[in-house]
J.: 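Below is one structure. I have some questions about it.
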Amino acid sequence: QVQLVESGGGLVQAGDSLRLSCAASGLTFSRYNMGWFRQAPGKEREFVTVISRSGGSTSYADSVKGRFTIARDNAKNTVYLQMNSLKPEDTAVYYCAADGGLYTRDRRSAYEYWGQGTQVTVSS
């Protein structure tokens, strides 16, 4: 049974930083590209970032480029999202997801497994 469990969310002020973690189990972690998505109230779930199986390739949404950094530790079956210079518009539920495809992708439909999400709230 595959499980992705996010943690690290919370309430912060604009300009602060947070680091999210996603611990994976029940799958061969190093065989999956890992992505982060987010969903704000009343909006569609959107792509944030993805990291390749080895960690050698990453991609970011324009809205977070230069502020967010994705990383992974295959020995710990964990992917991280370091979020700096947070803005109120970053407020959302953040989800990690696993994609067994050959290349990194930003389409929701490409991802086979999803976590339950962690809330990030940024106050102005």
J.: Salt bridge check, D90 against R67: does any charged N sit closer than 4.0 Å to a carboxylate O?
T.: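 Yes, charged N to carboxylate O under 4.0 Å.
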J.: For N84 and S17: C-alpha separation, side-chain torsions, deciding distance, then whether side-chain hydrogen bond (donor to acceptor under 3.5 Å, both in side chains) applies.
T.: CA-CA 4 Å; N84 298 331; S17 298; 2.9 Å; yes
J.: For the residue pair S63 and R38, establish whether any side-chain heavy-atom pair is separated by less than 4.5 Å.
T.: yes
J.: Which pairs count as disulfide bond (SG atoms under 2.5 Å apart) when at least one residue sits in residues 32-95, sequence neighbours excluded?
T.: none
J.: Check whether any side-chain heavy atom of F68 lies under 4.5 Å from a side-chain heavy atom of V48, and answer yes or no.
T.: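 Yes, at least one pair of side-chain atoms sits under 4.5 Å.
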J.: In terms of heavy-atom contacts, does CD of E112 have more than 12 from other residues, nucleotides or ligands at under 6.0 Å?
T.: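 Yes, because the 6.0 Å sphere around CD of E112 holds more than 12 heavy atoms from other groups.
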J.: Under 4.5 Å between any side-chain heavy atoms of F29 and R53, yes or no?
T.: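 F29 vs R53: side chains apart.
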J.: Is any side-chain heavy atom of L81 closer than 4.5 Å to one of L18?
T.: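 They are not in side-chain contact.
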J.: A side-chain contact here means heavy atoms from C-beta on lying under 4.5 Å apart; do T118 and V93 qualify?
T.: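 Answer no - side chains too far apart.
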J.: Do the two ring centres, one from F47 and one from F37, sit under 6.0 Å apart?
T.: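 Yes, the ring of F47 comes within the 6.0 Å limit of the ring of F37, centre to centre.
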J.: Please determine whether a side-chain nitrogen of the Lys or Arg among R108 and E44 lies less than 4.0 Å from a carboxylate oxygen of the Asp or Glu.
T.: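 Salt bridge between R108 and E44, a charged N being under 4.0 Å from a carboxylate O: yes.
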J.: How about L20 and M83: do any of their side-chain heavy atoms sit closer than 4.5 Å?
T.: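 Touching, per the 4.5 Å side-chain cut-off.
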J.: If we count only N and O atoms by modelled type, under 3.5 Å, do the side chains of T121 and Q119 hold a donor and an acceptor together?
T.: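 Judged by distance alone, the side chains do pair up.
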J.: Using the ring of each side chain (for Trp, its six-membered ring), is Y95 parallel, tilted or perpendicular to W114, with breaks at 30° and 60°?
T.: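 If you compare the ring of Y95 with that of W114, the planes turn out perpendicular.
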J.: Are L86 and Y60 connected, step by step, through hydrophobic side chains (Ile, Leu, Val, Met, Phe, Trp, Tyr) whose heavy atoms are closer than 4.5 Å?
T.: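 L86 clusters together with Y60.
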J.: Could you check whether any side-chain heavy atom of L4 comes within less than 4.5 Å of a side-chain heavy atom of Y32, counting everything from C-beta outward?
T.: no
J.: Testing the 3.5 Å rule here: is there a donor-acceptor pair between the side chains of D73 and T78?
T.: no
J.: Counting distance only, does the side-chain N/O of R45 pair as donor-acceptor with the main-chain N or O of A40 below 3.5 Å?
T.: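 Looks like no, no N/O pair under 3.5 Å.
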J.: Taking C-beta and beyond as the side chain, do I51 and V79 meet within less than 4.5 Å on heavy atoms?
T.: yes
